Protein chains: 2
Amino acid sequence: MSQNHRDVGHQTETHDWDPELVPDRRGRTRRPEAGCPVEVALAAISGRWTTLVLRELMHGPCSFGDLRGRLPDLSAKILSERLRELTARGLVARERLPGFPVRTRYVLTSTGARLRPLLVQLYETGTVLLDAMAVTPPDAR
Amino acid sequence: MSQNHRDVGHQTETHDWDPELVPDRRGRTRRPEAGCPVEVALAAISGRWTTLVLRELMHGPCSFGDLRGRLPDLSAKILSERLRELTARGLVARERLPGFPVRTRYVLTSTGARLRPLLVQLYETGTVLLDAMAVTPPDAR
DNA sequence: CCGCATCCGATTGGATACTG
DNA sequence: CAGTATCCAATCGGATGCGG
């Protein structure tokens, strides 16, 4: 069930596409295009530290200082940059609480929460790769 | 079932960790560390074009020229760079066939094939994000 | 046909210091 | 407490041309 009709439509196709890997036309790109779902997901988590910031927020709302405390080696500049990006992407919301000193909370949006399965899959895949590497050391060529 | 024992062990912990998100100690890092499974998985697919090259190889073995044909906007330099990286990571194997001109085939290793669920999850997550964006336009702040 | 070498512009990450 | 401003080094992606 792999080699089939090459003879339909206007033969613009160059391939047979695996329907699990590429279920619809948006995945049949010849270049890294912004509209491709894979690129969208990668863009959502792109940038160093981003997955760690998301991990913290998955555990619940955090203030700027909370995040700095949990990720002490992440500079304020980068943290603020990441939070701005995530906010711009609609994955995180900033809540300013009244009073003094200013209190701010960062919370995952419902969209941001939907990244959870991806983070879990990243963890699982990474674990698999680590195990495979242990069996077949990286330089067994 | 969220707030519990903070009083065990030597209280080096700062958190309660979500066991689905962070099943073991390797995920409880304060920095992007090479040993963290999430970093390992991200490193495996890192680099522009990498997921596209993997997508092609998931459909079966390819020669250098096959890949160039399928991804015409990917320059030879970058393609060769990506293939070297993937090979060094143990995800792809290079097979040189005898004869002239030289024939080379690139094939996923069994380890490389295990990236499939990650690529599928990236696609699914991207689709979810695209749908969410359609409902709540990116600039609805 | 299958690549590598060189060069270069753009982007990224980070250290440091400063403000409301 | 919650960030922004500047500056700088390193990395990355890509165009072009050469070699086995």
Side-chain angles (χ1 to χ4, degrees), chain A residues 29-34 36 38-39 42-54 56-57 61-89 92-107 141, chain B residues 29-34 36 38-39 42-54 56-57 61-89 92-107 141:
Chain A
T29 69
R30 300 151 75 82
R31 308 191 352 206
E33 298 197 71
C36 170
V38 171
E39 294 296 322
L42 287 173
I45 60 170
S46 74
R48 203 157 120 88
W49 296 96
T50 301
T51 53
L52 290 173
V53 171
L54 287 170
E56 295 307 323
L57 293 175
C62 287
S63 69
F64 193 90
D66 287 342
L67 291 168
R68 291 223 66 191
R70 259 100 113 128
L71 302 170
D73 297 340
L74 171 54
S75 75
K77 182 212 170 186
I78 300 296
L79 174 55
S80 139
E81 202 169 297
R82 293 293 173 264
L83 289 170
R84 247 183 303 111
E85 291 163 357
L86 291 170
T87 303
R89 294 169 192 166
V92 165
R94 166 190 264 119
E95 296 177 357
R96 306 195 90 107
L97 311 179
F100 186 84
V102 183
R103 291 252 151 212
T104 314
R105 283 197 342 167
Y106 292 91
V107 196
R141 49 152 166 152
Chain B
T29 69
R30 299 150 75 82
R31 307 191 353 204
E33 298 197 73
C36 169
V38 171
E39 295 295 323
L42 288 173
I45 59 169
S46 74
R48 202 155 121 91
W49 295 94
T50 301
T51 54
L52 290 173
V53 172
L54 287 170
E56 295 306 324
L57 293 175
C62 286
S63 69
F64 194 89
D66 288 342
L67 291 168
R68 291 222 67 191
R70 259 99 113 127
L71 303 170
D73 295 341
L74 171 53
S75 75
K77 180 211 170 187
I78 301 296
L79 174 55
S80 136
E81 202 169 298
R82 293 293 172 265
L83 289 171
R84 247 184 303 112
E85 291 162 358
L86 290 170
T87 302
R89 293 170 192 164
V92 166
R94 166 190 263 117
E95 296 178 356
R96 307 195 91 107
L97 310 181
F100 186 85
V102 183
R103 291 254 151 208
T104 314
R105 284 199 340 172
Y106 292 92
V107 195
R141 48 153 167 151

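Here the structure is a predicted model, which means the values were calculated and not measured. Side chains are part of it too, since the values below use all heavy atoms of this structure and drop only hydrogens, waters and symmetry mates. Naming: A, B, ... by sequence-line order, numbering from 1 per chain.
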Relative orientation of the end axes in the helix from C:dC1-D:dG20 to C:dG20-D:dC1, expressed as an angle to the nearest 10° (five pairs per end): 40°
Proximal nucleotide (of C:dG3, D:dA2, D:dA15) relative to the A:T104 side chain: D:dA2
Under 3.5 Å donor-acceptor, B:R70 side chain and B:L52 backbone: no
Touch class at under 4.0 angstrom, heavy-atom based, for A:R105 against every strand present: nothing
Listed pairs under 3.5 Å, donor-acceptor, residues 94-104 of chain A side chains, sequence neighbours left out:
residue	atom	partner	partner atom	Å
A:R94	NE	A:Y106	OH	3.4
A:R94	NH2	A:Y106	OH	3.0
A:E95	OE1	A:R105	NH2	3.3

Heavy-atom donor-acceptor pair, A:T29 side chain to A:P32 backbone, under 3.5 Å: no
Among D:dG3, C:dG3, D:dC1, the one nearest A:Y106 by side-chain distance: D:dG3
Spacing of A:R84 atom CZ relative to C:dG13 atom C1', expressed in whole Å: 14 Å
Non-hydrogen atoms of A:A44 and A:R89 that approach each other most closely: O-NH1, 2.7 Å
Inter-residue atom distance B:T50.OG1 - B:L86.CG, 0.5 Å rounding: 6.0 Å
Spacing between A:E85 atom CD and D:dG3 atom P, to the nearest angstrom: 15 Å
Whole-Å gap separating C1' (C:dG3) and CZ (B:R68): 10 Å
Gap between atoms CZ and C1', on B:R96 and C:dC2 respectively (whole Å): 8 Å
Value in whole Å for how far the C1' atom of C:dC1 lies from CZ of B:R103: 7 Å
B:R84: salt bridge (charged side-chain N to carboxylate O under 4.0 Å, His left out) partners, not counting sequence neighbours: none
DNA chain D contacts made by residues 45-53 of chain B, counting heavy atoms under 4.0 Å: B:G47, B:R48, B:W49
Stretch residues 76-83 of chain B: residues that reach within less than 4.0 Å of DNA chain C through a heavy atom: B:K77, B:S80
Test side-chain contact (heavy atoms from CB on, under 4.5 Å) applied to A:V53 and A:L83, A:I45, A:I78, the passing residue: A:L83
For atom CD of B:E95 and atom P of C:dC2, their distance in whole Å: 14 Å
Under the side chain to side chain donor-acceptor pair (under 3.5 Å) test, residues paired with B:S80 that sit two or more places apart: none
Gap between atoms CG and P, on A:L74 and C:dG14 respectively (whole Å): 8 Å
Protein-nucleotide distance (A:L86, atom CG; D:dG3, atom C1'), rounded to Å: 16 Å
B:R68 side-chain N/O to B:L79 backbone N/O, donor-acceptor pair under 3.5 Å: no
